[in-house]
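In this text the structure is predicted, and so the values were computed from the model without any measurement.
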Amino acid sequence: PEQCAAAGDVLRRAFVLNRPVFGICLGAQLMALAAGARTYKLRYGHRGQNQPCREKGTDRCRLTSQNHGYAIDAASLPRDWQVWFENANDGSVEGIRHARRPVLAVQFHPEGKPGPLDSVDLFDRFVETL
């Protein structure tokens, strides 16, 4: 993800202009980097479907589709960014969001539909920011 500097420039401009952004997979990593956070290579990566992710602050755990080898370093997130989802298996970051801006991102693939409609509500949440 660190090799995608041009995308980071576009994202930083969108943040400053307060534009709604919803990042998925690499998009989540790029958003974290654009915000000033770091990413790191996972030892084995997260691959396949039925990967459990907990939504922070709730009792909800989603079954997700995933295919990524990098993760966001939670400790490096600026204070106005929050961990939104975490991997139930290893605790790695699976989603981030800005505290005040209409900016959301998930590391997993909500469009992958591991279950009938497990994460379709994430798109609804994004549309509400428009």
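- Here CZ of Arg19 is found 11.5 Å from CG of Leu130. Values are rounded to the nearest 0.5 Å.
- Val21 pairs in a side chain to side chain contact (heavy atoms under 4.5 Å, CB included) with only one of the listed residues (Leu11, Thr129, Val10), which is Leu11.
- Placement of Ile96 and Leu104 in two distinct hydrophobic clusters is found when ILVMFWY residues are connected by side-chain heavy-atom separations under 4.5 Å, directly or transitively.
- Not one N or O on the side chain of Arg97 forms a donor-acceptor pair closer than 3.5 Å with the backbone of Val83.
- Side-chain contact between Gln49 and Leu63: absent, with no pair of heavy atoms (C-beta onward) separated by less than 4.5 Å.
- Among residues two or more places apart in sequence or in another chain, the salt bridge (charged side-chain N to carboxylate O under 4.0 Å, His left out) test is passed with Arg125 by Glu55, Asp121.
- Within the 4.5 Å cutoff, no side-chain heavy atoms of Gln29 are placed close to those of Cys4.
- Nearest heavy-atom pair across Phe15 and Ala35 is CE1-N, 4.0 Å.
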### Task
Go through the steps for Phe85 and Thr58 under the test side-chain contact (heavy atoms from CB on, under 4.5 Å), then give the verdict.
CA-CA 10 Å; Phe85 289 96; Thr58 73; over 6 Å; no
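- Side-chain contact check for Cys25 versus Gln107: some heavy-atom pair is nearer than 4.5 Å.
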### Task
Would you sort out whether Tyr40 and Leu42 count as a side-chain contact (heavy atoms from CB on, under 4.5 Å), showing the intermediate values?
CA-CA 6 Å; Tyr40 64 94; Leu42 293 164; 3.9 Å; yes
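- Thr64 contributes a side-chain N or O that, together with a main-chain N or O of Gln51, makes up a donor-acceptor pair within less than 3.5 Å.
- Across Arg12 and Ala5, no two heavy atoms sit closer than the pair NH2-O, 4.3 Å.
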### Verdict with reasoning, His68 to Leu26, per side-chain contact (heavy atoms from CB on, under 4.5 Å)
CA-CA 8 Å; His68 57 269; Leu26 178 60; over 6 Å; no
Would you be so kind as to tabulate the donor-acceptor pairs closer than 3.5 Å made by side chains of residues 69-78, with sequence neighbours excluded?
| unit_1 | atom_1 | unit_2 | atom_2 | d |
| --- | --- | --- | --- | --- |
| Asp73 | OD1 | Ala75 | N | 3.2 |
| Asp73 | OD2 | Arg38 | NH2 | 3.0 |
| Ser76 | OG | Arg38 | N | 2.8 |
| Ser76 | OG | Asp73 | O | 2.8 |

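- A donor-acceptor contact under 3.5 angstrom links the side chains of Asp90 and His46, judged on distance only.
- Counting heavy atoms from C-beta outward, Trp84 and Val106 have side chains that approach closer than 4.5 Å.
- Using a 30° and 60° split on the angle between ring planes, Phe126 and Phe22 fall in the parallel class, below 30°.
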### Query
Are Arg62 and Glu94 close enough, and set up right, to give a side-chain contact (heavy atoms from CB on, under 4.5 Å), and what steps lead you there?
CA-CA 11 Å; Arg62 298 168 187 262; Glu94 290 286 351; over 6 Å; no
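- Val103 and Leu30 fall within a single hydrophobic cluster, where Ile, Leu, Val, Met, Phe, Trp and Tyr are joined by side-chain heavy atoms under 4.5 Å apart, directly or via other members.
- Every residue was checked against the salt bridge (charged side-chain N to carboxylate O under 4.0 Å, His left out) condition with Arg13, not counting sequence neighbours, and none meets it.
- The backbone N or O of Arg100 sits less than 3.5 Å from a side-chain atom of His98, completing a donor-acceptor pair.
- A heavy-atom distance below 4.5 Å is found between the side chains of His109 and Ile24.
- You'll find the side chain of Arg60 stays beyond 4.5 Å of the side chain of Arg54, heavy atoms only.
- Cluster membership for Phe108 and Phe123, using ILVMFWY side-chain heavy atoms within less than 4.5 angstrom, is shared.
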